[in-house]
Amino acid sequence: MNPHDTDSDKQALITTGSIVTKPIVLVGMMGAGKTSIGSRLAMALDIPFWDADDEIEKAAQLSIPEIFEQHGETYFRDGERRVIARLINNGPCIIATGGGAFMAEETRKTISQEGLSIWLRAPLDELVRRVKRKPNKRPLLKGGKVKEKISKLLNERAPFYELADHIIDSENSDHEAIVDSIIVFLKNQQAGI
Ligand code: S3P
């Protein structure tokens with residue numbers, strides 16, 4: 001798809017419902033754009049969008065920083081595992097996961113059995129630039145040295161993210177272009193290309 005295509009061209013590429021037969025699960029680091037790209041993708045495909053972090057917050061009636069502060073990371077990860085297992089059983093949809101979700105073996109197994117995983121891969125500097133926009137949102141980055149923390153997490157996590165079914169580079173900050181490339185991937189996949 002090129003930048004001059006109109007919305008109706010884009011729509012023509014999508015035979016509603018037919019290119020998505022199971023949940024598409026976006027994985028990747030904080031700042032990779034999972035929520036923003038995921039919600040746009042869901043809108044383009046006319047299917048529901050779920051943000052796992054939002055669902056954990058709703059279930060706990062607490063914000064993520066509050067969950068970490070009051071109950072700790074293990075409690076959060078347990079909630080994350082349960083929420084993803086629930087969301088993935090609702091038919092075709094887009095699910096944006098928190099950056100650590102795909103590290104859990106059980107969650108990876110659920111996602112690979114029930115869904116199609118896509119790693120939104122972005123380079124370190126881009127991730128750092130994006131997470132700095134909302135400094136208090138992510139408890140794992142508390143206490144400064146954001147670049148070092150992100151770098152360490154990225155090194156630990158990249159081998160797991162690589163296990164995703166597909167990788168899309170999200171360096172380009174034009175989210176619409178990234179959505180378009182995911183749609184092209186889904187179309188090609190459906191066509192067996
Ligand atoms: C986390 C990422 C966050 C959130 C929590 C832990 C992580 O989600 O789940 O703060 O371990 O990387 P985003 O990736 O949406 O920021």
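When a ligand or atom number is given, it counts from 1 through the structure's own listing order. Only a predicted model underlies this, so the values are computations on that prediction, with no experimental measurement involved.
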Side-chain atoms of residues 140-151: list all donor-acceptor pairs with protein atoms under 3.5 Å, sequence neighbours left out, distances to 0.1 Å.
{"residue": "K147", "atom": "NZ", "partner": "D125", "partner atom": "OD1", "Å": "2.9"}
{"residue": "K149", "atom": "NZ", "partner": "K142", "partner atom": "O", "Å": "2.4"}
{"residue": "K149", "atom": "NZ", "partner": "G144", "partner atom": "O", "Å": "3.3"}

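Annotation: side chain to side chain contact (heavy atoms under 4.5 Å, CB included) contacts of E57 (sequence neighbours excluded): D54, S63, I64.
Looking at N89, its side chain does come within 3.5 Å of a backbone N or O of A85 through a donor-acceptor pair. Side-chain atoms of R157 come within 3.5 Å of backbone N or O of G99 as a donor-acceptor pair.
Side-chain contact check for S112 and R108: no donor-acceptor pair (N or O, by modelled atom type) lies under 3.5 Å.
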Quick check for students: name every N or O atom pair between ligand 1 and the protein closer than 3.5 Å, with distances.
{"residue": "ligand 1", "atom": "8 (O)", "partner": "D53", "partner atom": "OD2", "Å": "2.7"}
{"residue": "ligand 1", "atom": "9 (O)", "partner": "D53", "partner atom": "OD1", "Å": "2.8"}
{"residue": "ligand 1", "atom": "9 (O)", "partner": "D53", "partner atom": "OD2", "Å": "3.2"}
{"residue": "ligand 1", "atom": "11 (O)", "partner": "R77", "partner atom": "NH2", "Å": "2.6"}
{"residue": "ligand 1", "atom": "11 (O)", "partner": "G100", "partner atom": "N", "Å": "3.4"}
{"residue": "ligand 1", "atom": "11 (O)", "partner": "R157", "partner atom": "NH2", "Å": "2.8"}
{"residue": "ligand 1", "atom": "12 (O)", "partner": "G100", "partner atom": "N", "Å": "3.4"}
{"residue": "ligand 1", "atom": "12 (O)", "partner": "R157", "partner atom": "NH1", "Å": "2.7"}
{"residue": "ligand 1", "atom": "12 (O)", "partner": "R157", "partner atom": "NH2", "Å": "3.4"}
{"residue": "ligand 1", "atom": "14 (O)", "partner": "K34", "partner atom": "NZ", "Å": "2.5"}
{"residue": "ligand 1", "atom": "14 (O)", "partner": "G99", "partner atom": "N", "Å": "2.8"}
{"residue": "ligand 1", "atom": "15 (O)", "partner": "D53", "partner atom": "OD2", "Å": "3.2"}
{"residue": "ligand 1", "atom": "16 (O)", "partner": "R138", "partner atom": "NE", "Å": "2.8"}
{"residue": "ligand 1", "atom": "16 (O)", "partner": "R138", "partner atom": "NH2", "Å": "3.2"}

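Under the salt bridge (Lys or Arg N to Asp or Glu O under 4.0 Å) criterion, the residue pairs touching residues 97-106 are R81-E106, with sequence neighbours excluded.
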